[in-house]
Undergrad: 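Let me give you the structure first, and then I'll get to my questions.
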Amino acid sequence: MSTGFAINQYPDVDQVYKDLRSLISQPIRSIRKAEMDKILLEYYDKKCARSKKMITEASQYIPGGVQHNLAFNHPFPLVFTKASGAHLFDLDGNKYIDFLQAGGPTVLGSNPPSIRKKVSELLNSTGPVTGLFHEYELKLAEKIVQLVPSVEMFRMLGSGTEACMASIRVARLATKKKNIVKMGGAYHGWSDQLAYGLRLPGTRHFEANGVPKSVFKYTQEFYPNDLNALESVLKRNRWRGGTAAVLMEPIGPESGTRPLDRNFNAGVRELCNRFGALLIFDEVVTAFRVGLSGAQGYYGITPDLTVFGKVVAGGYPSAGGLGGKKEYMKYVSAGIQTGMKKALIGGTMAANPLSSAAGYYTLCEMEKTKACEKAGKAGDRLTIGLQKLIKKYNLPFVAFNQGSICHLETVGTMLLEVNFSKFWTIKKTIAEAHKRKHAMEEMGAAYMAEGLVTLAGSRLYTSAADTDAIIDDALKRFDRVFQKVEGVI
């Protein structure tokens, strides 16, 4: 066991994939129709009437009625009015256990009073933004450099998407090479060049609606856990402008939905060294959630650049940043300077005093309270409990975790596979994914009706606010949902 990290026991990756393949090979099992109809009527129509009314009105002014990609919208998005620790409260007064945690940034739990107090003090003095330097920019950068060994300098940006964009521009300037190779199935924001191989490895540009195919001339993907595939891409690129960087999430794409072998990152590091490519870790989710030194600290791997987001602003907006060695970070220096080419980046709201202060005090509080370890233990307790429930009801579902990042796969939507050599199967696979997605939405709606907020019905983030009692309460709620699954007597 690694001290100071959320991961107490590394998942048995081979067994996880074996179980996931078994899940995908079986018929989809979702909530029984009669039970689903009852949930929609008794809970959503009757107990969430005010939310339904507001979302109906919002649909007249906001496309789809909601603006957050993480908002669960089946049968309609709920309107939340309060967040506190491990709980959320909606417009109708219903209380929920929060396993979304805003998509991962609130490791301390939602809206911690100690951070809120510091932010309020700042708002009363400086206000949220000035466009000029503030001391908390320095305090946050110093803290991150102190915590993450590979980071010698840090520049804050507006989001993880922006930080990913900046990272590939820096890599191209630093190496004078063209190609960017990403792990298939990963999401690195919604910029044009990285909207490639999304969700399912091998899907290439098929989910990049609105992006010209020509944009991907210098973007490639490789299959998770396949070092031979990565090496093949790197070899081909030697004659096509070289590889500027390999970009990946160190625990696997989509926050480890496809977990990586324990030593895979080391293999990628060696290949990057051999082919002269920078290794970029996207730690938007894992930095300060897996541990205060990030997933790179856990694995003992040193990337050249690190992308930050989410926790870097403690759950406050404008959460993004790029860190790395000085020789690379010089390309993102701000201000009026001459004598060298610089990456084109910016952002009026980037590094604003509010977000910088929130990030600084959040990291200090996490360090003081050992929040990563606490959240990780809650994730272990939740996952073990879910595994017992799956066995109890003889369900094909799969539960595993990387510390406080927990996965509950009931249909395996994002674990479908596309054969790289048979690209004509892509459309068929995507169609199957959409079919499974509906079943996943129904499971998520059933969880919500039991007071459980998840990410798309398949991922759960625990926090330091999740006590044993809260986790045990959550497991009782999951038990009631599993009783309603097709085939359960």
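Please read all numbers here as calculations on a predicted model, not as lab measurements.
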Undergrad: Rounded to the nearest 0.5 Å, what's the gap from CD1 on I7 to CD on E373? Could you check?
TA: 12.0 Å
Undergrad: So with a 6.0 Å cut-off around NZ of K377, is the heavy-atom count from everything else above 12?
TA: no
Undergrad: Where the side chain of E409 meets the backbone of V398, is there a donor-acceptor pair that is under 3.5 Å apart?
TA: no
Undergrad: Is any side-chain heavy atom of Y218 closer than 4.5 Å to one of V215?
TA: no
Undergrad: Check for a donor-acceptor pair, side chain of N263 on one end and backbone N or O of A266 on the other, with a separation under 3.5 Å.
TA: no
Undergrad: Is there a side-chain contact between L460 and L455 (heavy atoms, below 4.5 Å)?
TA: no
Undergrad: Ignoring hydrogens and angles, write down the donor-acceptor pairs under 3.5 Å from the side chains of residues 300-325, residues two or more places apart or on other chains.
TA:
| from | atom 1 | to | atom 2 | distance (Å) |
| --- | --- | --- | --- | --- |
| D304 | OD1 | K325 | NZ | 3.3 |
| D304 | OD2 | R269 | NH1 | 3.3 |
| D304 | OD2 | R269 | NH2 | 3.0 |
| D304 | OD2 | L279 | N | 2.8 |
| T306 | OG1 | Q296 | NE2 | 3.0 |
| K310 | NZ | G103 | O | 3.3 |
| S318 | OG | N352 | ND2 | 3.4 |

Undergrad: Any heavy-atom pair between the side chains of P353 and P128 that's under 4.5 Å?
TA: no
Undergrad: Which pair of non-hydrogen atoms, one from C164 and one from S167, has the smallest distance, and what is that distance?
TA: O-OG, 2.7 Å
Undergrad: Contact between I405 and I251 at the side-chain level, heavy atoms closer than 4.5 Å - yes or no?
TA: yes
Undergrad: Does any N or O in the side chain of K117 come within less than 3.5 Å of the main-chain N or O of E121, such that one atom is a donor and the other an acceptor?
TA: no
Undergrad: Between the side chains of R258 and E254, is the shortest nitrogen-to-carboxylate-oxygen separation below 4.0 Å, so that they form an ion pair?
TA: no
Undergrad: How long is the straight-line distance from CG of L20 back to CG of L415, given to the nearest 0.5 Å?
TA: 4.0 Å
Undergrad: Identify whether the distance between the nearest side-chain nitrogen and carboxylate oxygen of E142 and K139 falls below 4.0 Å.
TA: no
Undergrad: For the residue pair E137 / S356, report whether a side-chain donor-acceptor contact shorter than 3.5 Å exists.
TA: no
Undergrad: When you measure from the side chain of T203 to the backbone of L198, do you find a donor-acceptor pair of N or O atoms at a distance under 3.5 Å?
TA: yes
Undergrad: Do D380 and Q9 have a side chain donor and acceptor closer than 3.5 Å?
TA: no
Undergrad: Return the CD to CE distance between E162 and M156, rounded to the nearest 0.5 Å.
TA: 11.0 Å
Undergrad: Between E367 and C364, is there a donor-acceptor pair closer than 3.5 Å when you use the side chain of the first and the backbone of the second?
TA: no
Undergrad: Any side-chain donor-acceptor pair under 3.5 Å between N179 and R240?
TA: no
Undergrad: Examine distances only and state if a side-chain atom of N265 and a backbone atom of P250 form a donor-acceptor pair shorter than 3.5 Å.
TA: yes
Undergrad: Begin with the C-alpha distance, continue with both residues' side-chain angles, and end with the deciding distance and a verdict on side chain to side chain donor-acceptor pair (under 3.5 Å) for T219 and Q193.
TA: CA-CA 7 Å; T219 306; Q193 291 181 61; 4.7 Å; no
Undergrad: Is there a donor-acceptor pair under 3.5 Å between the side chain of E221 and the backbone N or O of R204?
TA: yes
Undergrad: Can you find a pair of side-chain heavy atoms, one from K341 and one from Y331, that are under 4.5 Å apart?
TA: no
Undergrad: Do V411 and L23 have side chains that approach each other closer than 4.5 Å (heavy atoms only, starting at C-beta)?
TA: no
Undergrad: Quick check against the 3.5 Å criterion: does R459 have a side-chain atom that pairs as donor or acceptor with the backbone of H407?
TA: no
Undergrad: Which value, rounded to the nearest 0.5 Å, describes the distance between Y196 atom OH and K213 atom NZ?
TA: 11.0 Å
Undergrad: How long is the span from the OG atom in S110 to the CG atom in L100, to the nearest 0.5 Å?
TA: 8.5 Å
Undergrad: Do I97 and I470 touch side chain to side chain, with heavy atoms closer than 4.5 Å?
TA: yes
Undergrad: Under a 4.5 Å cut-off applied to non-hydrogen side-chain atoms, are R21 and Y17 in contact?
TA: yes
Undergrad: Between T286 and E283, do the side chains contain an N or O donor and an N or O acceptor separated by less than 3.5 Å?
TA: yes
Undergrad: How far does CG of L278 sit from CZ of R172, to the nearest 0.5 angstrom?
TA: 11.5 Å
Undergrad: Would R274 and L234 count as a side chain to side chain contact (heavy atoms under 4.5 Å, CB included) here? Give the steps.
TA: CA-CA 10 Å; R274 198 195 319 167; L234 294 173; over 6 Å; no
Undergrad: Using the ring centroid of each side chain, check whether Y461 and F99 are separated by less than 6.0 Å.
TA: no
Undergrad: Classify the side-chain pair D98/H87 by whether it contains a donor and acceptor separated by less than 3.5 Å.
TA: no
Undergrad: So, for F264 and Y299, is the gap between ring centers shorter than 6.0 Å?
TA: no
Undergrad: Is the ring pair H205/F216 parallel, tilted or perpendicular, if the boundaries are 30 and 60 degrees?
TA: parallel
Undergrad: S232 side chain to N228 main-chain N or O, any donor-acceptor pair under 3.5 Å?
TA: yes
Undergrad: Is the backbone of V16 close enough, under 3.5 Å, to the side chain of D19 for a donor and an acceptor to pair up by distance?
TA: no
Undergrad: Distance alone, cut at 3.5 Å: any donor-acceptor contact between the side chains of H188 and E249?
TA: no
